[in-house]
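Indexing begins at 1, ligand by ligand and atom by atom, following the structure's order.
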Amino acid sequence: MGMTTIREVAQKAGVSYATVSHVINNTRFVSEETRERVLSAMSELKYRPNAVAQSLRSGRTNTIGMILPDSSNPFFAEIGRQIEEEAFRKGYSIILCNMELQPEKEMLYVDVLINKQVDGIIFVATGDQTSLLQLLLDQGIPVILIDRDLPEMNIDTVITDNRLGGYLATRHLIDLGHRRIACITGPSSKITPSASRVVGYRQALEEAGLPYDKQIVCLGDFHPQSGMDIMEALLKRPNPPTAVFACNDLMALGCMRAAMYAGYRIPEDLSIVGFDDIELARFTNPPLTTVCQPKKEIGILATQKLVERIADKCISSLKVILPTSLIVRESSASVKQKP
Ligand code: RIB
């Protein structure tokens with residue numbers, strides 16, 4: 001069986017040749033219903049567009065670069081999944097780049113994305129990468145920032161209200177009667193959202209007239225081991241905290257493990273609240289109280305905006321702060337009254 005042609009796809013889908021071409025090259029709006037008909041006709045007929053010819057013709061590769069710190073973190077994995085699905089719906093494929101801990105890789109990846117002629121990039125900053133981003137913008141490549149803002153750059157950004165999330169987590173524990181609430185922060189660079197979560201933590205303490213005790217605010221790194229190590233040390237203190245706010249769910253999982261090793265029951269002896277609401281948070285034992293970041297909206301909104309920006313570089317810039325919300329499960333409870 002020879003190569004399937006666009007004409008055969010058009011006949012199968014009951015649309016014009018031009019419509020199939022617009023779906024392939026993203027050169028004109030096609031309704032979701034028509035696009036789905038064309039895409040299913042392509043998969044049934046095993047149609048494979050000639051990618052080189054296609055990109056030469058339209059100057060587009062229908063490819064989006066996605067640069068994340070660490071796709072093994074479920075938060076980024078779940079957002080990356082949403083981006084991939086929305087990009088596919090819009091006729092784009094994804095090139096994934098993991099950036100964390102290997103800053104030297106940055107330029108390598110940027111070269112790959114530029115040479116692959118990606119049509120746009122969704123970017124999570126892991127450091128002060130303004131020069132890297134400016135290089136991409138100078139190449140005329142549209143960029144969307146998610147999760148971490150670089151306010152000095154005029155780039156479309158989709159982030160969440162981290163300060164509110166930190167406040168809600170801490171206020172929840174205060175309302176449960178806790179007075180010694182530890183906080184395990186994320187990496188202390190100015191760009192990670194962790195700093196805003198700690199601002200919210202402090203605001204809830206101040207509002208309740210509780211002291212901010214630096215001794216129980218500890219620097220973590222967003223990975224589970226740091227949560228476990230810090231919780232272990234905190235529980236060995238003469239006056240251990242009765243609750244802990246971990247600035248992401250992975251560190252909260254580490255806290256759970258440390259508490260159980262130390263013979264603490266959760267939440268009877270220690271309340272734990274996380275941040276992100278990754279899918280795993282529902283399945284820990286006990287299920288984790290946490291702050292939900294709207295991962296689906298982040299992924300879809302960022303992808304939609306990027307696709308619009310690819311089609312028209314002059315549209316107005318987007319700066320969105322999506323709300324966070326508290327998800328109360330079973331890892332937090334009223335403070336145990338001292339005997
Ligand atoms: O879990 C990874 C953390 O880093 C999340 O809280 C996310 O906001 C990112 O900044």
Quiz item: Using a heavy-atom cut-off of under 4.0 Å, does the side chain or the backbone of R197 touch ligand 1, or both, or neither?
Solution: side chain
Quiz item: Honestly, is R197 close enough over F245, meaning NZ or CZ under 6.0 Å from the six-membered ring centre and within 45° of the axis?
Solution: no
Quiz item: Do ligand 1 and N73 have nitrogen or oxygen atoms that lie under 3.5 Å from each other?
Solution: yes
Quiz item: Do K296 and E78 touch side chain to side chain, with heavy atoms closer than 4.5 Å?
Solution: no
Quiz item: Should you measure from each heavy atom of F76, which atoms of ligand 1 turn up under 4.0 Å away?
Solution: 4 (O), 9 (C)
Quiz item: Taking side chain as C-beta onward, heavy atoms only, is E206 less than 4.5 Å from Y212?
Solution: no
Exercise. Just go through D276, I278, D221 and tell me whose heavy atom is the nearest to atom 6 (O) of ligand 1.
Key: D276
Quiz item: Which residue holds the protein heavy atom closest to atom 4 (O) of ligand 1, what is that atom called, and what is the gap in Å?
Solution: R148 NH2, 3.1 Å
Quiz prompt | Non-hydrogen side-chain atoms of F75 and D147 separated by less than 4.5 Å | solution = yes
Exercise. State the atoms of ligand 1, each with its element, that fall below the 4.0 Å cut-off from a heavy-atom position in P193.
Key: 8 (O), 10 (O)
Exercise. Could you check atom 9 (C) of ligand 1 against the protein and tell me its nearest heavy-atom contact, residue, atom and distance included?
Key: D147 OD2, 3.1 Å
Quiz item: Taking the side chain as C-beta and beyond, is there a heavy-atom pair between S331 and P287 under 4.5 Å?
Solution: no
Quiz item: Considering only heavy atoms of F222, which atoms of ligand 1 have at least one such atom less than 4.0 Å away?
Solution: 3 (C), 4 (O)
Quiz item: Any ion pair linking R180 and D213 (charged N to carboxylate O, less than 4.0 Å)?
Solution: yes
